[in-house]
Amino acid sequence: MNVADSQRVASALEHLGYHETRQAAEADVIVLNTCVVRQSAEDKAYGRLQSLKPLKESNPSLVINLMGCMVGTRTPDILKKRLPMVDVFSPPSDPGPLIAHLTQQESQKMELSETARRFAWMDGELELPEKARGRQVTAFIPVVYGCSHACAYCIIPYRRGREQSRPPEDVLAEARSLVAQGIKEITLLGQIVDRYGKDEPGYPRLPGLLEMLHEVDGIERIRFLTSHPNWLSDELIDCVQRLPKVMPHIEVPAQVGDDTILAAMRRGYTDAEYRSLVERIRRRIEGVSIATDIIVGFPGETEAQFENTFRQLQDLKLDVAHLARYSPRLGTLSERTMPDDVPEKEKWRRFRLLEDLQEGIAAEIHAKYLGQNVKVLFEDKVKQRWRGRTPTNKLVFVETEQNLLGKILPVKINWTGPWSMIGELA
Ligand code: SAH
């Protein structure tokens, strides 16, 4: 989401006549887009901000914009006091305050063009920033802002505000404008993307939106993330199977595999329900890959409860597991009412056990690709090798002198590991 938001800010700034610099020291404006989903992300943002202090001191006209979840929808006064070097505070997904600040400051020099205004308030088209034009082949499109679910551990609803679906015509306009700039694959984003349209009676739901996007000429691949297990309907699953451009890859976090912890997390499903959902997805979508997120060390998590999570992953053998150690977030239900009582060392131990388990699972799944031909969309070149993804979102490297950018080509897989594969053009 922050990648998508940052790209939008860059685009809006370019419409005001700004260009990207290579060095922070050369910049007139610095935007720091922040995440606070875990303490480590928040620490990183503070660290980066502190490192900008000398720049601000030597160049007082430098504009520093703090954006994103560290700010939230209403900037707390305490943040303003604590961070005097910040000139503008922007909520997540909203370049508005920065644009307003810059255009007031430079109103003699610049008129805020109608396009800049439109891009800033995000109703539709998006012009890729200069550096991405002709180079970028995949793009993120936010379709649901905010979140209203309130999982006990999660700060996102507090910082990104309530769930709000984007009008389908804006999503379509953005998709069309991106395709015209060379984008081949779009990924629809939402904290709970499978709830798309639920908050607006006049909007289609996610299957309907996927159908509409499927009609757009030039879009080759469509993905969406992240789904919540309770909203992943059979209709949506069938839509993924039926529409050739919608890739067979589902991101649907379990978080844990223990019913007591799931209830304490306010997730709204049981281990058995999650397992049967995975089975349903696999039965209906041919060759599907599935990714989960798992949190270890939630308050009160016992060894036996952790083992339930371990067993779930071991049994289900999902393609990807994004792992996290529980991090208390100020103001969330778990932070307010449950002591963070699993020691850090124990969180790490559980984390590593899952990490090792998943490495083996991924290696085993990938080994089945050996000798097969898969269609890869090539995104960029890293050193001498082109990098792309299979429909199932597996990373594939191919060494060749040809320019493969934006091409979808069959690749014969010659080597596989737990995190990527290597192949040759078939
Ligand atoms: N709504 C999206 C994104 C949430 S953030 C989703 O459900 O995937 C991505 C992941 O971060 C979550 O799925 C969760 O596993 C993890 N996470 C969220 N809050 C956390 C916390 N307080 N401590 C540790 N991990 C957390």
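Every value quoted in this text rests on a predicted model; they were computed, and no experiment measured them. Every number for a ligand or one of its atoms is a count from 1 in the order of the listing.
Residues Y326 and E335 share a closest heavy-atom pair of OH-N, 3.9 Å.
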Walk me through whether Q136 and Q7 qualify under side-chain hydrogen bond (donor to acceptor under 3.5 Å, both in side chains). CA-CA 12 Å; Q136 190 175 325; Q7 189 148 65; 2.9 Å; yes

Quick one: do S177 and Q181 satisfy side chain to side chain contact (heavy atoms under 4.5 Å, CB included)? Show the steps, please.
CA-CA 7 Å; S177 70; Q181 297 168 81; 4.3 Å; yes

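Only one option out of E174, E14, E127 pairs with R8 in a salt bridge (charged side-chain N to carboxylate O under 4.0 Å, His left out); it is E174. Partner of W231 under the side-chain contact (heavy atoms from CB on, under 4.5 Å) criterion, out of V193, D194, V252: D194 alone.
Looking at R325 against ligand 1, only its backbone comes within 4.0 Å, counting heavy atoms. Of the heavy atoms in S327, both backbone and side-chain atoms come closer than 4.0 Å to ligand 1. Counting heavy atoms under 4.0 Å from ligand 1, residue I295 touches it through the side chain alone.
Against a heavy-atom cut-off of under 4.0 Å, T226 is close to the following atoms of ligand 1: 6 (C), 8 (O). Counting the atoms of ligand 1 from 1 in the order shown, those under 4.0 Å from a heavy atom of R329 are 22 (N). Near V37, meaning under 4.0 Å from one of its heavy atoms, ligand 1 places the atoms 5 (S), 18 (C), 19 (N), 20 (C), 21 (C), 22 (N). Each of the atoms 23 (N), 24 (C) of ligand 1 lies under 4.0 Å from some heavy atom of Y326. Residue-ligand proximity, I156 to ligand 1, at heavy-atom distances under 4.0 Å covers atoms 4 (C), 5 (S). Those atoms of ligand 1 that come under 4.0 Å of a heavy atom in R38, given as number and element, are 11 (O), 16 (C), 17 (N), 23 (N), 24 (C), 25 (N), 26 (C).
A search for salt bridge (Lys or Arg N to Asp or Glu O under 4.0 Å) contacts involving R176 returns nothing, not counting sequence neighbours.
Of the protein's non-hydrogen atoms, the one nearest atom 13 (O) of ligand 1 is D293 OD2, 2.6 Å. For atom 3 (C) of ligand 1, the closest non-hydrogen atom on the protein side is Q191 OE1, 3.1 Å. Counting only heavy atoms of the protein, atom 19 (N) of ligand 1 lies nearest to Y153 CD1, 3.3 Å.
When the options Q255, H322, R267, K347 are ranked by their closest heavy atom to atom 15 (O) of ligand 1, first place goes to Q255.
Taken to the nearest 0.5 Å, the CG atom of L404 stands 11.0 Å off from the CG atom of D380. How far CG of L262 is from CD of E273: 9.5 Å, rounded to the nearest 0.5 Å.
Between H228 and Y269, the ring planes lie perpendicular to each other; the angle is over 60°, past the 30° to 60° tilted range.
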